[in-house]
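Below, read A as the first sequence line, B as the second, and so on, with proteins coming before strands; counting in each chain starts at 1. Reckoned from all heavy atoms, side chains included, excluding hydrogens, waters and symmetry mates.
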Protein chains: 2
Amino acid sequence: MRRTRFDDAYCPIARTTDLLADWWTPLVLRELFAGRRRFEQIVEALDISRAVLTQRLNRLIDEGIVEKHQYSERPVRWEYRFTEKGRALWPVLSAMWRFGEDWMFGEAPSVELVDAETGAAVRPLVIDAETGRPMDSFRSRVRLSRPTPVD
Amino acid sequence: MRRTRFDDAYCPIARTTDLLADWWTPLVLRELFAGRRRFEQIVEALDISRAVLTQRLNRLIDEGIVEKHQYSERPVRWEYRFTEKGRALWPVLSAMWRFGEDWMFGEAPSVELVDAETGAAVRPLVIDAETGRPMDSFRSRVRLSRPTPVD
DNA sequence: CCGAGTGCGTTCTATGAACGAACGTAGTCA
DNA sequence: TGACTACGTTCGTTCATAGAACGCACTCGG
């Protein structure tokens, strides 16, 4: 069966899930954030099936996350660049990085987040912009304002 | 073919992806964060296949995200509660909520994040804990310190 | 004591999706 | 001319998902 789509749900978490909570997509985004913009670079870095990468990139294009940009006339060559919307996913990937770093490792991970200029380590933290307090599942919660399931 | 596993990757994003970037898992977590702790409640709220919910909850138990807690002797009844590690996923879900809210909606979403006590709206923001600056894909980036692909 | 209801899964079948390898294509370079 | 590069597409096998039906232990009302 085809999987259930969440892209029309009335919940931001559901729509974001529909977009990036599938196999490979977050890692494709990681590669793009790491500066790899070409198809073959990503295939090589991730050891991903070309068919799957094609499908994922097309999905990201359809959603307005990346766009195809021609960087060579002859031969015709394209690279994939983030749109503004795509760059807005960086905080989400960052939060995933932080969780993984804090809870999924004993040893030190080999993928780090660093300041682009100084090279200093960066530690993502999710706060409430109103109060400045770190997000805490005891202090904040999901409220469903419509009775709709999923949505 | 079975899908490629990322749980032994040396990248925090990859390990977190392995954990929650699959179909349904983020929505199951959303329901748990919204206060639904029982199997039947989640089935009803999400309209999810029982088989899939069973598989997802068992995975979350194996990973130490939730634990099964008996709340009734006769009849034997269980509910699913977050561990400390599970509550640490709240910032990740929050960041997903914020992205969805900012970029995936024209109208207002029906799922909101509120302060548990005051009921005031909460706006998650991902910052660098060192500098206090919002995470920005121009100012920070992924650095791969080992040559390993994926990992 | 019987039959319906509840809560929580398991089993079953079909249909998709993912994987990996091979193939195609358009151009470059020696 | 033949090898190589960068990007995909096609194909067959295997796995996951959806949805419905079934199972089971217990409770409750009559």
Nearest-angstrom distance from the residue atom [atom1] of [X] to [atom2] of [N]:
X: Glu79(A); N: dA6(D); atom1: CD; atom2: P; answer: 13 Å
X: Trp78(A); N: dG8(D); atom1: CH2; atom2: P; answer: 9 Å
X: Gln41(B); N: dG7(C); atom1: CD; atom2: P; answer: 9 Å
X: Ile48(A); N: dA17(C); atom1: CD1; atom2: P; answer: 16 Å
X: Asp47(A); N: dG20(C); atom1: CG; atom2: P; answer: 7 Å
X: Arg37(B); N: dG7(C); atom1: CZ; atom2: P; answer: 16 Å
X: Asp22(A); N: dC19(C); atom1: CG; atom2: P; answer: 10 Å
X: Arg56(A); N: dG8(D); atom1: CZ; atom2: P; answer: 16 Å

If you check every side-chain atom of [X], which of [options] has the closest atom?
X: Tyr80(B); options: dC7(D), dG9(C), dA18(C); result: dG9(C)
X: Thr54(A); options: dG8(D), dG7(C), dT17(D); result: dG8(D)
X: Gln55(A); options: dC8(C), dA18(C), dC7(D); result: dA18(C)

Which residues share a side chain to side chain donor-acceptor pair (under 3.5 Å) with [X], sequence neighbours left out:
X: Gln41(A); result: none
X: Arg50(B); result: Glu40(B)
X: Arg141(A); result: none
X: Thr17(B); result: none

Salt bridge (Lys or Arg N to Asp or Glu O under 4.0 Å): which pairs involve residues 63-72 of chain A, sequence neighbours left out?
-> Arg59(A)-Glu63(A)

Side-chain polar contacts of residues 122-135 of chain A - donor-acceptor pairs under 3.5 angstrom, sequence neighbours left out - could you list them?
residue, atom, partner, partner atom, Å
Asp128(A), OD1, Glu130(A), N, 3.0
Asp128(A), OD1, Arg123(B), N, 3.1
Asp128(A), OD2, Thr131(A), OG1, 3.3
Thr131(A), OG1, Arg133(A), N, 3.2

Proximity to DNA chain D (any heavy atom under 4.0 Å), residues of residues 60-69 of chain A only = Lys68(A)

Could you list all the side chain to side chain donor-acceptor pair (under 3.5 Å) pairs where at least one residue sits in residues 83-92 of chain B, not counting sequence neighbours?
->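 Pairs touching residues 83-92 of chain B that pass the test: Ser140(A)-Trp90(B).
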
5' priority, DNA chain D, between Phe39(A) and Val52(B) [closest heavy atom] | Phe39(A)

Please confirm whether the shortest side-chain N or O distance from [X] to OP1 or OP2 of [N] is below 4.0 Å.
X: Thr4(B); N: dC19(C); value: yes
X: Tyr71(A); N: dC7(D); value: yes
X: Trp24(A); N: dC19(C); value: yes

Could you go through the side chain to side chain contact (heavy atoms under 4.5 Å, CB included) check for Leu46(B) and Arg30(B) one step at a time?
-> CA-CA 10 Å; Leu46(B) 292 179; Arg30(B) 184 195 76 186; 3.8 Å; yes

Short side-chain to backbone donor-acceptor contact, Thr25(A) and Leu20(A), under 3.5 Å |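 Side chain of Thr25(A) to backbone of Leu20(A), a donor-acceptor pair under 3.5 Å: no, none is there.
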
Do nucleotides 21-30 of chain C as a string where each nucleotide becomes B, S or -: B if the base has a protein heavy atom under 4.0 Å, S if just the sugar-phosphate does, - if no protein is that close.
-> -B----SS--

Does a side-chain heavy-atom distance below 4.5 Å link Pro75(A) with Arg77(A)?
->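 Yes - at least one pair of side-chain heavy atoms lies under 4.5 Å apart.
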
